[in-house]
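Residues take their numbers from the sequence shown, with the count starting at 1.
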Amino acid sequence: MSKKEELAGKAYELITDDGELRVCEQISESACKETPFNFFKNISSGALSKLAEQLVSPGTTLPWILSALGVPNAFSGALVPIKDAGSLLPQLFVSAKIRSYPLRKWFWVIPAWIQALALLGMAFTVLKMEGETAGWLILMFLALFSCCSGLASIAFKDVAAKTIPKGKRGQMLGLRATLGGLFTLLAGGIILADLPEINDRNPLFILVLSGSVLWVISGFIFSLITEEKGATSGGRTPAAEIKTAWKFWKEDANLRKFIISRGLLMAIPLAQPFFVILGKEEIGSEVSHLGIMVIAAGIANVISSPFWGRFADKSSKKMMVFIALLGALNILLMSLFPVWPEKLQNVYVFAFLFLVQVMAHGGARLSRKTYLVDFAPKDERPSYVSLANTAIGIFTLIGAGLGALAGIIGLQITLWVFAGLLLLGSAISIRLKEV
């Protein structure tokens, strides 16, 4: 064993508490030997991609950018649905194609680089365009970005299952988010210091351009992961994939419960843009608040991700229940923010509620990823992932329709509805099998 391998092994054992008892489950002996290096490559790649996501976030920075460019508010309401539906709906049609390739990491790497190109186009839109033209272009680039994200999502779960032992995946996902949160804290501080004027386009251009560069680097690091060839049998056409997915849906009751409960958990990210709208109404739209919100998002990932990771490894089912309850409570508190005592209606209290919302969102993502990777049968994992994600894409569109009614039923009632969906989600999650 080389000195580099020995150091990587010791660091891996320290972080994961493996000691001398490390046993790799569900992966081969040769893959087990590569686990420490793969663990840190995955974390490094993920930390950079998490930072990139926070720099160009449909729930935080993009609404501010659209406002700076004079884009109508209706465009902001479309950001999260396009991001989520665009990344989830196409997956059922590409999982069979991924299955036909023995190495799946390139289905994460190449989409990451296309995402970088999408953000590059978005950056120059921020620099040169304004009004509705800028709005349509940004939505178009976001749609391209999201479709690539959906393709990468299937590959990521399969690569993680092939290279990281069961029981360590949640910690790996948690560490990715923690490091990404630390980087986000630094970025938020820079935004707070260097964006004195909301109409100054250059810092906003640099913000989006930085996201593009980060995706290039993240993709390169992920390409270095050592992945063994996987089974290529069972590849199906999209029509056959839909038929097979329908078979899974009918025969696997636990899968149905998971998809429904996961769909209800989508109320957490769908509610987030309404947090931003409410914040603008109650505490003002000064650009300094953007930096504070980015910092809050970074803190949320730093303080919550290690806990979420270990929680998910112990019981991702119980974590889904807890996250649903936490999200419901926080949304209810935010809905009542306008009637809080005046001394509590300030940017720092708002930032705390926003921080909890980001924590809940991160926990929801980590718990459902861990549960699905651990629960899905090895040979059908890509199909299970794509079926679940496509179903959630449909749910997101329904949720977007609900969000569109906010102007009619009011912001507070909309938030109450999202909280109610999360309470229902917790009740269904309790009935899931332990994995």
Report the distance from atom [atom1] of [X] to atom [atom2] of [Y], rounding to the nearest 0.5 Å.
X      : Y      : atom1 : atom2 : value
Arg368 : Ile259 : CZ    : CD1   : 12.5 Å
Leu119 : Leu117 : CG    : CG    : 9.0 Å
Met266 : Ser261 : CE    : OG    : 12.5 Å
Leu424 : Leu265 : CG    : CG    : 10.5 Å
Leu326 : Met319 : CG    : CE    : 10.0 Å

Apply side-chain contact (heavy atoms from CB on, under 4.5 Å) to Leu66 and Leu79, showing your working.
CA-CA 10 Å; Leu66 292 181; Leu79 291 171; 3.8 Å; yes
Going by the side chain to side chain contact (heavy atoms under 4.5 Å, CB included) test, name the single residue among Lys317, Arg262, Lys318 that passes it with Leu432.
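Going through Lys317, Arg262, Lys318 one by one, the side chain to side chain contact (heavy atoms under 4.5 Å, CB included) with Leu432 is satisfied by Lys317 alone.
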Check: [Y] and [X] side chains under 4.5 Å, non-hydrogen atoms:
X      : Y      : value
Phe337 : Val349 : yes
Leu120 : Leu209 : yes
Leu332 : Leu336 : no
Val208 : Leu204 : no
Met320 : Phe258 : yes

If you take all heavy atoms of [X] and [Y], which pair is closest and at what distance?
X      : Y      : result
Phe418 : Ala267 : O-CB, 3.6 Å
Trp113 : Trp215 : CD1-O, 3.9 Å
Ile138 : Leu62  : CG2-CD2, 4.5 Å
Leu55  : Ser210 : CD1-CB, 4.0 Å
Ser367 : Ser316 : O-CB, 3.6 Å
Leu48  : Ser218 : CB-CB, 4.1 Å

Would a distance-only check, ignoring hydrogens and angles, find a side-chain to backbone donor-acceptor pair under 3.5 Å from [X] to [Y]?
X      : Y      : result
Ser49  : Gly46  : yes
Gln412 : Ser335 : yes
Ser57  : Gln54  : no
Lys41  : Ile221 : no
Asn330 : Val356 : no
Lys433 : Asn254 : no
Ser149 : Phe145 : no

Run the side-chain contact (heavy atoms from CB on, under 4.5 Å) check on Leu137 and Met140 step by step: do they pass?
CA-CA 5 Å; Leu137 285 172; Met140 179 189 73; 3.9 Å; yes
Full working for side-chain contact (heavy atoms from CB on, under 4.5 Å) between Gln357 and Ile331:
CA-CA 8 Å; Gln357 185 71 5; Ile331 289 173; 3.9 Å; yes
Are more than 12 heavy atoms, taken from residues, nucleotides or ligands other than Trp340, located less than 6.0 Å from that residue's CH2 atom?
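It does: Trp340 CH2 has more than 12 such atoms within range.
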Might you confirm whether atom CE of Met129 has over 12 heavy atoms from other residues, nucleotides or ligands at distances under 6.0 Å?
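No, the 6.0 Å shell around CE holds no more than 12 heavy atoms from other groups.
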Could you walk me through whether Trp136 and Val71 pass the side-chain contact (heavy atoms from CB on, under 4.5 Å) test, one step at a time?
CA-CA 9 Å; Trp136 285 115; Val71 179; over 6 Å; no
